[in-house]
Trainee: 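Starting off with a structure, shown below.
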Amino acid sequence: MAAESTPWQGRHPGKDALRHEIWTTLQAQGATHRDPVGHIPNFIGAEAAAARLATLPCWQRARVVKCNPDSPQQPVRLRALQEGKWLYMAVPRLARPQCFVALHRDPLLAKGVPLTTAATMGDALMHGQFVDFSEMQPIDLVVVGCVAVAATGGRTGKGAGFADLELALLREAGLVTATTPIVTTVHELQVVAGDGRRPVPGDHRLPLQPHDWPLDWIITPDRAIETYTPFPRPLGLDWAALQPEQIRQIPALRSRRIDFTQAPEGDRRSSNH
């Protein structure tokens with residue numbers, strides 16, 4: 001399959017090439033439910049990966065879970081609702097000022113909304129409550145969608161950087177900390193290399209930049225990989241790394257940009273300070 005144009009390519013040529021390699025491999029192996037190109041791959045075995053995630057202590061301890069809205073993590077969102085956890089899902093592309101939606105089993109069932117329905121992206125947006133950071137509880141576990149992952153914690157999504165932006169915003173709001181576990185569920189073919197205990201050939205293909213958030217766990221249908229990641233987490237937004245169109249198109253960034261530029265220079269914060 002020739003490399004196809006996707007909306008966010010061109011920001012990191014090496015990651016672009018790796019994403020297309022993973023998409024091509026998944027397609028050739030028949031490992032997804034639909035064409036994966038340009039998407040977080042809806043991989044076959046997502047339900048089994050969600051079940052394996054549910055065996056981890058970090059999942060079992062979590063009362064509040066933040067999960068991405070993509071199709072392969074729908075089984076994760078369903079499990080969170082079935083187990084009575086609070087679930088936060090980001091609004092796609094962070095397109096609203098209230099850029100997260102909150103869901104919980106009890107009010108959904110009281111309204112007669114099946115949990116299997118509420119776990120889908122469209123119905124979560126329909127039946128959940130849009131919330132601002134000030135209305136959210138501290139998050140115990142973060143689930144992100146990935147195209148490719150390295151066993152030392154590196155990851156890449158579709159290239160738009162939304163997962164990193166969400167985590168930076170949540171960190172600045174005090175809802176995610178330096179120790180909040182960050183996990184993903186993926187197909188085995190999406191894992192670049194390694195067992196997570198040491199750097200291995202292949203991990204260099206997913207270099208972490210200062211604004212990137214590393215993974216603590218990678219869950220496939222067959223195994224759970226603890227990354228023992230050596231990479232530090234950002235402290236918040238890195239304004240120097242943001243694209244102008246991101247600031248224009250994302251309300252939460254626009255409002256914070258105004259606050260940032262109007263603050264005294266000594267009070268300005270970014271992930272690099």
Side-chain angles (χ1 to χ4, degrees), residues 6-12 38-40 64-71 73-74 77 80 86-104 107 118-139 141-146 155-177 180 182 209-213 233-265 267-273:
T6 59
W8 299 291
Q9 71 178 32
R11 297 177 180 175
H12 193 294
H39 303 285
I40 301 297
V64 182
V65 175
K66 181 267 178 192
C67 188
N68 58 300
D70 302 277
S71 295
Q73 280 69 50
Q74 181 177 329
R77 298 193 296 273
W86 276 99
L87 174 65
Y88 293 128
M89 188 189 80
V91 173
R93 303 192 183 194
L94 300 173
R96 294 175 57 109
Q98 293 174 302
C99 55
F100 287 87
V101 61
L103 301 109
H104 190 271
T120 65
M121 179 179 70
D123 282 272
L125 295 171
M126 183 183 304
H127 299 293
Q129 177 186 357
F130 292 102
V131 291
D132 188 49
F133 299 103
S134 64
E135 302 171 283
M136 297 172 67
Q137 303 176 57
I139 293 166
L141 180 72
V142 172
V143 184
V144 296
C146 299
R155 62 167 297 278
T156 183
K158 295 173 289 189
F162 287 115
D164 293 318
L165 285 177
E166 293 162 17
L167 285 165
L169 288 165
L170 292 167
R171 179 70 185 268
E172 289 197 348
L175 299 168
V176 164
T177 72
T180 306
I182 302 174
Q209 298 168 285
H211 61 273
D212 289 335
W213 288 69
R233 295 183 177 186
L235 300 176
L237 291 166
D238 183 352
W239 291 103
L242 292 175
Q243 304 290 324
E245 68 268 21
Q246 291 175 308
I247 298 172
R248 287 196 303 269
Q249 296 171 4
I250 298 174
L253 290 181
R254 288 202 305 271
S255 63
R256 280 160 179 76
R257 183 61 173 174
I258 293 170
D259 293 341
F260 177 80
T261 56
Q262 291 181 349
E265 185 172 352
D267 294 340
R268 295 180 183 178
R269 293 187 301 143
S270 79
S271 62
N272 296 323
H273 296 85

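Fair warning: this is a prediction, and the values are worked out from it, not measured in the lab.
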Trainee: Kindly indicate whether the side chain of Val176, heavy atoms from C-beta on, has any atom under 4.5 Å from the side chain of Ile182.
Mentor: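 Sidechains of Ile182 and Val176: no contact.
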Trainee: Any donor and acceptor pair, going by atom type alone, linking the side chain of Arg171 with main-chain N or O of Pro234 inside 3.5 Å?
Mentor: yes
Trainee: Applying ring pair (Phe, Tyr, Trp, His ring centres under 6.0 Å), name anything that partners His104, two or more places apart in sequence or on another chain.
Mentor: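 Partners of His104 by the ring pair (Phe, Tyr, Trp, His ring centres under 6.0 Å) criterion, ordered by chain and then number, come out as Trp86.
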Trainee: State the NE2-CG distance between His211 and Leu167, to the nearest 0.5 angstrom.
Mentor: 12.0 Å
Trainee: Measuring from Met136:CE to Cys99:SG, what's the distance to the nearest 0.5 Å?
Mentor: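 Nearest 0.5 Å value for the CE-SG distance: 7.5 Å.
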Trainee: Name all residues meeting the side-chain hydrogen bond (donor to acceptor under 3.5 Å, both in side chains) criterion together with Thr177; count only those two or more places apart in sequence or in a different chain, and write none if there are none.
Mentor: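 So Thr177 forms a side-chain hydrogen bond (donor to acceptor under 3.5 Å, both in side chains) with Thr179, Thr180.
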Trainee: I'd like to know if the side chain of Tyr88 and the backbone of Gln137 have a donor-acceptor N/O pair within less than 3.5 Å.
Mentor: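 Yes, Tyr88 side chain to Gln137 backbone: donor-acceptor pair under 3.5 Å.
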Trainee: For Gln98, check side-chain hydrogen bond (donor to acceptor under 3.5 Å, both in side chains) against everything at least two apart and list the hits.
Mentor: Glu135
Trainee: Counting only N and O atoms by type, is there a donor-acceptor contact under 3.5 Å from the side chain of Asp123 to the main-chain atoms of Thr120?
Mentor: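 Not a single qualifying donor-acceptor pair exists.
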Trainee: Does Phe133 have any ring pair (Phe, Tyr, Trp, His ring centres under 6.0 Å) partners at least two apart in sequence or in another chain, and if so, which?
Mentor: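 Ring pair (Phe, Tyr, Trp, His ring centres under 6.0 Å) check on Phe133 returns Phe100.
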Trainee: If you take all heavy atoms of Leu169 and Ala252, which pair is closest and at what distance?
Mentor: CD1-CB, 4.2 Å
Trainee: Could you state the interatomic distance from OG (Ser71) to CZ (Arg77), rounded to the nearest 0.5 Å?
Mentor: 7.0 Å
Trainee: Check whether any side-chain heavy atom of Ile250 lies under 4.5 Å from a side-chain heavy atom of Phe162, and answer yes or no.
Mentor: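 They are in contact (side-chain heavy atoms under 4.5 Å apart), so the answer is yes.
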Trainee: Is there a side-chain contact between Asp70 and Lys158 (heavy atoms, below 4.5 Å)?
Mentor: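 Asp70 vs Lys158: side chains touch.
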Trainee: I'd like to check Met89 versus Leu125 (side-chain heavy atoms, cut-off strictly below 4.5 Å). Are they in contact?
Mentor: yes
Trainee: Checking the side chain of Arg96 only, and the main-chain atoms of Val131 only, is there a donor and an acceptor separated by less than 3.5 Å?
Mentor: no
Trainee: Holding to side-chain hydrogen bond (donor to acceptor under 3.5 Å, both in side chains), I want the full list of residues that pass it with Glu166, two or more places apart in sequence or in another chain.
Mentor: Lys66
Trainee: Just to verify, what does Ala163 make a side-chain contact (heavy atoms from CB on, under 4.5 Å) with, not counting sequence neighbours?
Mentor: Val144, Arg155
Trainee: Go through the structure and list residues passing side-chain hydrogen bond (donor to acceptor under 3.5 Å, both in side chains) with Asp164, not counting sequence neighbours.
Mentor: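 Asp164: no side-chain hydrogen bond (donor to acceptor under 3.5 Å, both in side chains) contacts found.
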Trainee: Please identify each residue that fulfils side-chain contact (heavy atoms from CB on, under 4.5 Å) with Pro97, with sequence neighbours left out.
Mentor: Pro251
